[in-house]
Amino acid sequence: MSFLDLDEWLFELARHVELVYSPLADIKAYPEHVDVALVEGAVANADNLHLIRQVRERTRTLIAFGDCAVTGNVTALRNPLGAPGPILQTLYVERADMSGQIPDAPGIVPALLGRVLPVHAVVPVDLYLPGCPPPAPRIRAALEQILAGGEVLLAGREMIKFG
Amino acid sequence: MTRRILIDPVTRIEGHARITIHLDDAGTVQEARFHVTEFRGFERFCEGRPLWEMPGITARICGICPVSHLLASAKAGDAILSVMIPPAAEKLRRLMNLGQIVQSHALSFFHLSAPDLLLGFDSDPATRNVFGLMAADAHLARAGIRLRQFGQEIIETLGGSKIHPAWAVPGGVRAAPAAAQRAAIAARLPEARTTVLDALRRFKTLLDTHADEVASFGDFPSLFLGLVGPNGEWEHYGGRLRLVDSGGAIIADQVDPAHYREMIAEAVEPWSYLKMPYYRPRGYPAGMYRVGPLARLNICTRIGTLLADAELGEMRQRAGGIATSSFYYHYARLVEILAALERISLLLDDPDLDSGRLRAEAGVNQLEGVGVSEAPRGTLFHDYAVDPNGLIRRVNLIIATGHNNLAMNRTVAQIAQRYVHGDRISEGALNRVEAGIRAYDPCLSCSTHAAGTMPLALILVAADGTVLDTVQR
Ligand code: SF4
């Protein structure tokens, strides 16, 4: 959503890029030969794992976008509690008023990974964009450098601070 | 035995989801399920953390409406400290919440739903998005982008950042805006008002041209829940709970939100990480209710500001009283943006904001506290228990999308019955099924904190359980 804080610069961006896969768009399968992907969020379940591998295979520049993608961040706060089984047991069985059970419908509800992983723990990452979320000026700085085609250099507190 | 259709992923919503549509032997739609596939476990891993960290952590549940969690969490903290926060703090919290209603509703309407409403449900999926809208109607897209930006700037002005400001705390808020900053916000109000009035005008013409969608996008009787003021007026931050049925009868009123458990219970289904809350006295699933902009406008006696009340009157006239179609969520969202703009204008001039008293100091005085606020998508509950040192012992969160869970399933089934024929899903049917979900503006990140892309899938299932069609566009 911080991406949308680019506000009217989105018009400028639209002149240079084609949006091929996004939460904002209706294309449902990740296409081949993608130039740049901004990957938000950590890898927490089997579906995430499948998608991130596919994204890596089909993308030239993969950007870990935001602290969850870079470090696991809040998504990984469940890791110190150990395997997800007992957590699910507490929340969905003990703390339900009706029909307490762990959601596990096959083919529908993906299995949780034992640990939540940052993106680079699963596939190689080309660029890290920290921030929770990365503020729009930082996103813009990175995208402008990518569009210009050279090495991307982000330096200084405004560009590489967590949180 | 039933057959099923799968839509995977559902797009232009916030969070990960799939939809399955179940058919009977004759191939007619029996039921539909909206599956939330992400899980984060906030309610568990917050245990042991200090109460004072909770607003900052729970704000991370959602990148769209972090302010809602910030406020509900701070209010639960107020209850545990047993303090009455200073008037300036309450008014500033209200101001931030109004900024958030503007930005979140603008996002839902212009960035996510306008591509369907203005480019058409049957338009090319490759360009049926905000970039397509920018190309097709640059003026409207730019106005919508600037309206959302305006809401975000209010949040940033008060809290120091647009997303996840660490600003509201148990007992009050950290800082107040300077007079010049307030003036800068006020200066942008007229443009914002023009944008929303234009959008309202355009939306109303759609009600006439989209009679089919109005009649099938979740048009059924249900209960409606939300906060209202002491005289039943529109509320977004304080007040008490009211529950109204689709005939307009008040079923419960002025219920202290701290007693929400007497009203609401939660069920679990094996096919979704999102629990299914229901109105406890009516049982599951008969106790289905809706929350959010449509519910707030259905339950209130009036909004309390001039332009918004005029629009509310017209909306009620068009709907014939209580609006029972979820297609009206879009309408209600626009009316609420207008209401928020009018209230922002009043608040900016409030002399209390200069008082300098922003925070009540206290230690832990109660071991339990409930904080409730109206998020853009509906009533949000944060319910905490702490130990005497203020460390969290138990957390229960009920978020807007959860409240709407049963109604969203019902909506998908209704749309599928109208638009899905045989065991294939046409492009237009697919998009209508998704658009029905989008009308609720679900924020699945909230329920489960899906931090990432937000796909949604559709599955068509046969009577014998085999998957007939899976849509992955
Ligand atoms: S905003 Fe923060 S919590 Fe949300 S996905 Fe980005 S890094 Fe994670």
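Sequence lines set the chain letters: A, B, ... in the order given, protein chains first and strands last, and positions in each chain run from 1. Model, not experiment: these values are computed from the prediction.
Between the side chains of A:D5 and B:Q149, no donor N or O sits under 3.5 Å from an acceptor N or O.
Around atom NE2 of A:H33, no more than 12 heavy atoms belonging to other residues, nucleotides or ligands sit under 6.0 Å away.
A donor-acceptor pair under 3.5 Å links the side-chain atoms of A:Y92 to the main chain of B:Y273, judged by distance alone. Remark: side-chain polar atoms of A:D97 are not paired, donor with acceptor, to backbone N or O of B:A267 under 3.5 angstrom. Side chain of A:Q101 to main chain of B:V268: a donor-acceptor pair is present (N/O by atom type, distance under 3.5 Å, no hydrogens or angles). A donor-acceptor pair is defined here as one N or O able to donate and one able to accept, closer than 3.5 Å; no such pair exists between the side chain of A:R78 and the backbone of B:G41.
Only the side chain of A:L81 comes within contact range of chain B, with at least one heavy atom under 4.5 Å from a heavy atom of that chain. With a threshold of 4.5 angstrom between heavy atoms, A:L19 approaches chain B through side-chain atoms but not through N, CA, C or O. When heavy atoms are compared at a cutoff of 4.5 Å, B:R280 approaches chain A solely by way of its side chain, counted from C-beta outward. Of the two parts of B:A135, neither the backbone nor the side chain holds a non-hydrogen atom closer than 4.5 Å to a non-hydrogen atom of chain A. Looking at A:A14, the atoms closer than 4.5 Å to chain B (heavy atoms on both sides) sit in the backbone and in the side chain alike. Proximity to chain B (any heavy atom under 4.5 Å) is restricted, for A:T90, to the side chain, taken from C-beta onward.
In terms of the side chain to side chain contact (heavy atoms under 4.5 Å, CB included) criterion, residue partners of A:T59 (sequence neighbours excluded) are, by chain and number, A:Y30, A:V34, A:A37, A:V55. In this view, B:E262 satisfies the salt bridge (charged side-chain N to carboxylate O under 4.0 Å, His left out) rule with no residue, not counting sequence neighbours. Every residue two or more places apart in sequence or in another chain that forms a side chain to side chain contact (heavy atoms under 4.5 Å, CB included) with A:D126 is listed here: A:R56, A:T61, A:L62.
Classification of A:E94 and B:R394 as a salt-bridged pair fails, no side-chain N sitting under 4.0 Å from a carboxylate O. Ion pair B:R142/A:D7 not flagged as a salt bridge, since none of the NZ, NE, NH1 or NH2 atoms sits closer than 4.0 Å to an Asp/Glu carboxylate oxygen.
Between chain B and the residues A:S99, A:A96, A:A105, the most heavy-atom pairs under 4.5 angstrom are made by A:S99.
Contacts of residues 146-160 of chain A with chain B at a heavy-atom distance below 4.5 Å are absent; not one residue qualifies.
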